[in-house]
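All remarks here apply to the structure that follows.
These figures come from a predicted structure and were not determined experimentally. Residue indices begin at 1 and follow the sequence shown.
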Amino acid sequence: MPAISLPTAASSCSFHRPVAASSRSSSFLLPLRLLPCSVHASLRSSNRIMAVSASDAGRIPFADVPVDSMAVKPPSHPTYDLKAVIALALSEDAGDRGLLSPSPLPIRITGDVTCLATVPKDMKAEAHFIAKDNGIVAGISLAEMIFNEVDPSLKVQWFAKDGDHVCKGMQFGKVYGCAHSIIVAERVVLNFMQRMSGIATLTKAMADAAHPACILETRKTAPGLRLVDKWAVLIGGGKNHRLGLFDMVMIKDNHITIAGGVMNALKSVDQYLQQKNLEMPVEVETRTLEELEELLQYATKNKTSLTRIMLDNMIVPLPNGDVDVSMLKDAVQLISGKFETEASGNVTIDTVKKIGATGVTYISSGALTHSVKALDISLKIDTELALQVGLRTNRA
């Protein structure tokens with residue numbers, strides 16, 4: 001896949017000002033100091049002194065992350081427990097029995113043994129988030145939830161928000177507090193943020209190219225991360241397809257085959273929804289123009305709950321790498337605005353612009369979540385050394 005084009009102008013890639021004003025707003029440019037928690041200490045720069053004591057740090061509340069304050073709200077799901085997902089991720093990494101119910105495994109749970117051996121319990125630290133590639137940052141709100149789960153006394157400050165562009169070498173946030181807590185949270189925070197940012201970056205590129213059509217993901221998400229993956233799509237400027245099997249009727253090829261045809265399948269759905277007194281979106285997949293005509297004929301003669309028609313694999317790849325969208329155009333003209341339309345199959349960053357120009361309402365792409373390349377992000381205490389290494393390896 002070719003490189004995704006993102007803004008590189010100085011105006012779009014300059015350091016962001018802090019989201020919330022703070023006397024520490026310039027300290028993200030400084031190398032970190034490690035401070036014993038038990039003593040009063042100062043962080044110094046050329047133009048100010050900022051004093052932090054252990055007692056002061058204890059009174060600094062970790063900012064809760066109410067949904068209303070988020071740059072992009074997560075999708076709503078009736079059973080998804082995001083806090084439990086965070087706890088599981090932390091537990092599988094640190095092996096800390098305290099994060100979940102007691103483990104049945106016949107092993108001694110010890111937590112982060114390296115931290116226990118090398119990091120004094122009373123040590124304070126400040127670590128900085130560094131983007132190691134250009135992209136769209138996502139997972140900032142989720143990162144705050146993770147830090148809060150590990151240690152509510154940690155203080156986090158951001159110089160970007162979910163959905164902002166970040167550039168290679170940019171320091172876009174920092175966390176201050178107990179060094180042990182920061183290191184325990186580090187990998188889990190980065191795993192979520194890197195995946196979400198990768199999804200958001202590809203979504204943004206595809207959404208811009210697809211316009212005026214809207215880009216959708218599918219249910220091809222990482223097991224257990226459905227809401228997180230779909231949240232990242234929203235942050236990247238896409239829209240969500242159905243969350244699961246429960247919130248939309250979607251008649252696909254196997255349903256059609258079992259039902260004995262597209263008309264039989266839709267008729268059965270109409271009857272079921274009426275019997276159960278249910279109202280929800282209904283989408284039917286069509287694979288040929290003949291199947292589409294049959295579906296439209298049924299919809300013309302019957303009261304139906306049909307709201308959207310999927311035009312599946314009507315984008316034909318050509319030997320030269322281009323695609324033929326003439327069949328898709330014909331299908332859109334046949335529907336003539338009577339129903340929403342969704343193009344699916346052979347959707348890539350190279351083809352999505354041409355597909356979007358056919359007049360379809362939506363374009364769905366499983367690649368947004370099932371083949372995502374993570375955006376490289378690090379969380380470093382010694383930022384000066386990290387940037388030196390990054391420059392040496394062309395990653396900063």
Side-chain angles (χ1 to χ4, degrees), residues 74-80 207 210 212-221 226-227 229-231 233-234 238-315 325 327-347 355-356 358-366 368-370:
S76 177
H77 192 288
T79 63
Y80 198 92
C214 298
I215 198 77
L216 307 171
E217 85 296 270
T218 68
R219 284 168 48 241
K220 297 173 183 177
T221 53
R226 174 70 54 82
L227 185 139
D229 283 0
K230 286 180 173 283
W231 190 3
V233 168
L234 295 180
K239 293 185 180 296
N240 287 151
H241 212 306
R242 59 177 178 161
L243 286 173
L245 300 173
F246 58 89
D247 59 332
M248 181 183 194
V249 175
M250 191 166 176
I251 305 172
K252 294 178 66 66
D253 51 359
N254 286 335
H255 304 110
I256 293 169
T257 300
I258 293 170
V262 68
M263 283 201 305
N264 288 343
L266 181 55
K267 183 178 179 180
S268 296
V269 166
D270 286 336
Q271 291 173 345
Y272 177 84
L273 293 179
Q274 185 175 14
Q275 291 168 4
K276 300 296 183 179
N277 195 28
L278 295 173
E279 290 186 10
M280 64 176 59
V282 174
E283 180 172 9
V284 178
E285 176 185 291
T286 60
R287 296 158 290 179
T288 66
L289 294 180
E290 291 74 24
E291 216 170 37
L292 175 60
E293 288 172 342
E294 185 182 350
L295 180 66
L296 292 173
Q297 185 179 18
Y298 171 87
T300 301
K301 296 180 178 179
N302 299 274
K303 182 180 178 181
T304 180
S305 50
L306 179 65
T307 54
R308 186 186 305 174
I309 300 174
M310 177 185 285
L311 308 170
D312 190 44
N313 287 312
M314 295 188 185
I315 304 146
V325 296
M327 184 179 179
L328 181 63
K329 283 183 178 179
D330 291 344
V332 171
Q333 289 174 0
L334 276 174
I335 296 167
S336 190
K338 297 182 181 71
F339 303 98
E340 294 176 345
T341 53
E342 178 184 333
S344 179
N346 293 308
V347 177
I355 298 167
T358 63
V360 292
T361 317
Y362 299 104
I363 303 171
S364 56
S365 171
L368 291 179
T369 54
H370 73 56

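- For T307 (side chain) and V282 (main-chain N/O), a donor-acceptor pair under 3.5 Å exists by modelled atom type.
- Not a single donor-acceptor pair under 3.5 Å links the side chain of N313 to the backbone N or O of G345.
- The structure places CG of L266 at 5.5 Å from CG of L306, a figure rounded to the nearest 0.5 Å.
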Intermediate values then yes/no, side chain to side chain contact (heavy atoms under 4.5 Å, CB included), M263 and Y298
CA-CA 6 Å; M263 283 201 305; Y298 171 87; 3.7 Å; yes
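- In terms of modelled atom types and a separation under 3.5 Å, the side chain of R226 and the main chain of L243 share a donor-acceptor contact.
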Could you walk me through whether F246 and M280 pass side chain to side chain contact (heavy atoms under 4.5 Å, CB included), step by step?
CA-CA 10 Å; F246 58 89; M280 64 176 59; over 6 Å; no
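- Shown here for V262 and E291, the closest heavy-atom pair between the two residues is CG1-O, 3.9 Å.
- Looking only at atom types and distance, the side chain of H255 has no donor-acceptor partner in the side chain of E285 under 3.5 Å away.
- Here CG of L296 is found 6.0 Å from CD1 of I335. Values are rounded to the nearest 0.5 Å.
- Nearest heavy atom pair, residue V269 against residue S305, reads CG1-OG, 4.3 Å.
- M250 is listed as a side-chain neighbour of M310, based on a closest heavy-atom distance under 4.5 Å.
- The closest donor-acceptor contact from the side chain of D247 to the backbone of G244 lies under 3.5 Å.
- Side-chain contact, T361 with T341: a donor N or O sits under 3.5 Å from an acceptor N or O.
- If you take NZ on K329 and CD1 on I315, they are separated by 12.5 Å, rounding to the nearest 0.5 Å.
- Enclosure of atom OH in Y272 is not indicated, since only 12 or fewer non-hydrogen atoms of other residues, nucleotides or ligands lie within 6.0 angstrom.
- Looking at every heavy atom in both residues, A343 comes nearest to V360 through CB-CG1, 4.1 Å.
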Passes side chain to side chain contact (heavy atoms under 4.5 Å, CB included), V325 versus M327? Steps please.
CA-CA 6 Å; V325 296; M327 184 179 179; over 6 Å; no
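- Within a 6.0 Å sphere centred on CD of Q274, other residues, nucleotides and ligands contribute 12 heavy atoms or fewer.
- Here the straight-line distance linking atom OG1 of T300 with atom CD of E293 works out to 11.5 Å at 0.5 Å rounding.
- Nearest heavy-atom pair across A210 and I363 is CB-CD1, 3.9 Å.
- Across all non-hydrogen atoms, the minimal contact from T218 to G366 is OG1-CA, 3.5 Å.
- Side chains of E217 and T369: no donor on one and acceptor on the other come within 3.5 Å.
- For the pair E294 (side chain) and E290 (backbone), a donor-acceptor distance under 3.5 Å is absent.
- Of all non-hydrogen atoms in P75 and N240, the two that sit nearest each other are CB-OD1, 3.5 Å.
- Between the side chain of K230 and the main chain of R219, no donor-acceptor pair closer than 3.5 Å is present.
- Of the inter-residue distances, the one linking S344 atom OG with K252 atom NZ reads 6.5 Å to the nearest 0.5 angstrom.
- Taking CG of L216 as the start and CG of L368 as the end, the distance is 9.0 Å to the nearest 0.5 Å.
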Could you walk me through whether T286 and M314 pass the side chain to side chain contact (heavy atoms under 4.5 Å, CB included) check?
CA-CA 9 Å; T286 60; M314 295 188 185; 3.8 Å; yes
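- Within the 3.5 Å criterion, the main-chain N or O of T304 finds no donor-acceptor partner in the side chain of D270.
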